[in-house]
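This is a predicted model, so every value here is computed, not measured.
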Amino acid sequence: MTDLQKKAPIQAVIEQAKKQLERMIDIHPQGMLLIGDDGTVVRVNSAALKLSGHAAYPEVLGRPLGAVFSTKDRPGIGEKIDRFLRNRTDSSGPGSTLDLEGQNGRLIRFSRVCAGGDHDFCIVLVDDITDRQAADQSREKRSKIAAAEAVVGALMHNINQPLTVITIRCQLLLLSLNKGSLNPDELKKGLEEISELTMQVANTLSRAQSFRDFVTTPYTEHSAIVDLPQSIGDK
């Protein structure tokens, strides 16, 4: 059997796979393109056509993928897409994605799926992730705010009492001083108590810099604060 005869069945399998992919591309709701080995678009569905900003299939078919998605005000996009296609070191990995600003400032994600090894085509998924990214950023921001509130709440809970005692002791000492009834022993005792409580506050703030975990405890009916002893490893 010649090499040509050996390759014939393999080529038939490849062609059959391409036909199945083409049928899937046509009906898939997400933007999909079949890209040839030379980087040109072989097949495209309506979702990808819309994301590319073109009105008709002939405007896309047979053109390099980078040229299809490039715009006049962002000419560098095309080169980035073509470079993304040429870089096949991560062709089968989960990181084979590229996010670029497309038409009207929308954020477009390109995901490449290849068969691996020697292949003469690949599939590129195209998705508008602008709203998804905005939602993710909003959730992340809310999570950060909630975490900050929990930490601040814990600090306030742990240092409010000693600060309150410090303030009261200072006021009482001043009152005794104004009345002329303050003796040295009482002043010494008050200052020692104020010094001890001040060090307690400083120690709480210092330990709060060494979080090992993020454990919360209920504080009010609708809020929680960080459990500092558990979070910094005191328990």
Side-chain angles (χ1 to χ4, degrees), residues 30-31 77 80-81 83-85 87-102 105-114 116 123-176 185-235:
Q30 184 180 356
I77 287 179
K80 289 181 180 179
I81 295 174
R83 189 163 58 246
F84 168 69
L85 282 179
N87 179 20
R88 295 180 177 176
T89 57
D90 64 346
S91 60
S92 59
S96 55
T97 61
L98 175 68
D99 296 341
L100 291 174
E101 186 178 346
R106 306 292 293 180
L107 187 62
I108 306 299
R109 171 164 293 172
F110 298 83
S111 303
R112 185 184 62 245
V113 182
C114 296
I123 293 292
V124 172
L125 307 176
V126 189
D127 194 13
D128 185 335
I129 64 169
T130 309
D131 297 335
R132 186 193 315 166
Q133 186 190 59
D136 290 344
Q137 290 175 343
S138 179
R139 281 193 296 270
E140 182 181 3
K141 184 177 181 179
R142 289 196 301 269
S143 297
K144 288 180 178 178
I145 291 174
E149 289 175 344
V151 172
V152 172
L155 291 176
M156 295 299 294
H157 175 72
N158 283 272
I159 69 179
N160 260 346
Q161 183 175 357
L163 286 177
T164 300
V165 175
I166 289 172
T167 301
I168 293 174
R169 290 295 286 142
C170 288
Q171 292 299 323
L172 291 175
L173 289 174
L174 285 173
L175 182 62
S176 297
D185 289 338
E186 184 181 354
L187 176 61
K188 180 176 180 295
K189 182 179 179 181
L191 290 176
E192 288 175 346
E193 184 178 0
I194 290 172
S195 177
E196 181 181 344
L197 290 171
T198 302
M199 291 302 298
Q200 181 180 328
V201 171
N203 183 52
T204 298
L205 294 175
S206 176
R207 289 185 301 124
Q209 299 180 69
S210 305
F211 273 69
R212 298 180 181 177
D213 201 348
F214 194 82
V215 183
T216 60
T217 183
Y219 188 56
T220 65
E221 183 179 357
H222 302 292
S223 67
I225 61 173
V226 170
D227 187 321
L228 278 179
Q230 291 197 57
S231 296
I232 63 179
D234 279 1
K235 286 185 179 180

Q: At their closest point, which heavy atom of Phe84 faces which heavy atom of Phe110, and how far apart are they?
A: CZ-O, 3.7 Å
Q: Kindly compute the distance separating OG1 (Thr217) from CG (Leu228), expressed to the nearest 0.5 Å.
A: 11.0 Å
Q: Going by the rule side chain to side chain contact (heavy atoms under 4.5 Å, CB included), which residues pair with Arg83 if we only count those two or more places apart in sequence or in a different chain?
A: Glu79, Lys80, Arg86
Q: Enter the distance from Asp127:CG to Ile108:CD1 here, rounded to the nearest 0.5 Å.
A: 8.0 Å
Q: Are more than 12 heavy atoms, taken from residues, nucleotides or ligands other than Glu196, located less than 6.0 Å from that residue's CD atom?
A: no
Q: Give me the atom names and distance for the closest heavy-atom approach of Ile194 to Thr198.
A: O-OG1, 2.7 Å
Q: Roughly how far apart are Ser206 OG and Met199 CE, rounded to 0.5 Å?
A: 9.5 Å
Q: Look up atom OG in Ser195 and atom CD1 in Ile166, then write down how far apart they are to the nearest 0.5 Å.
A: 9.0 Å
Q: Identify the heavy atoms of Ile81 and Leu98 that sit nearest to each other, and give their distance.
A: CA-CD2, 4.0 Å
Q: Scan the side chains in residues 142-162 for donor-acceptor partners under 3.5 Å anywhere in the protein, sequence neighbours excluded, and list what turns up.
A:
| unit_1 | atom_1 | unit_2 | atom_2 | d |
| --- | --- | --- | --- | --- |
| Arg142 | NH1 | Ser138 | OG | 2.8 |
| Ser143 | OG | Arg139 | O | 3.0 |
| Lys144 | NZ | Glu140 | OE2 | 3.3 |
| Asn158 | ND2 | Ala154 | O | 2.6 |
| Asn160 | ND2 | Met156 | O | 3.3 |

Q: Could you pull out all residues at least two apart from Asp213 that satisfy salt bridge (Lys or Arg N to Asp or Glu O under 4.0 Å)?
A: none
Q: Which residue pairs pass the ring pair (Phe, Tyr, Trp, His ring centres under 6.0 Å) test with at least one member in residues 185-212, sequence neighbours excluded?
A: none
Q: Using 0.5 Å steps for rounding, measure from the CG atom of Leu191 to the SG atom of Cys170.
A: 8.0 Å
Q: Walk me through whether Asp131 and Arg106 qualify under salt bridge (charged side-chain N to carboxylate O under 4.0 Å, His left out).
A: CA-CA 9 Å; Asp131 297 335; Arg106 306 292 293 180; 3.4 Å; yes
Q: Any side-chain to backbone donor/acceptor pair from Thr130 onto Leu107? Under 3.5 Å, distance only.
A: yes
Q: Could you pull out all residues at least two apart from Glu192 that satisfy side-chain hydrogen bond (donor to acceptor under 3.5 Å, both in side chains)?
A: Lys188
Q: Taking side-chain hydrogen bond (donor to acceptor under 3.5 Å, both in side chains) as the definition, give me every residue that meets it alongside Glu193, ordered by chain and number, with sequence neighbours left out.
A: Arg169
Q: Kindly say whether Thr97 contributes a backbone atom to a donor-acceptor pair with the side chain of Arg109 at under 3.5 angstrom?
A: no
Q: What is the distance from atom CG of Leu163 to atom CG of Leu197, rounded to the nearest 0.5 Å?
A: 9.0 Å
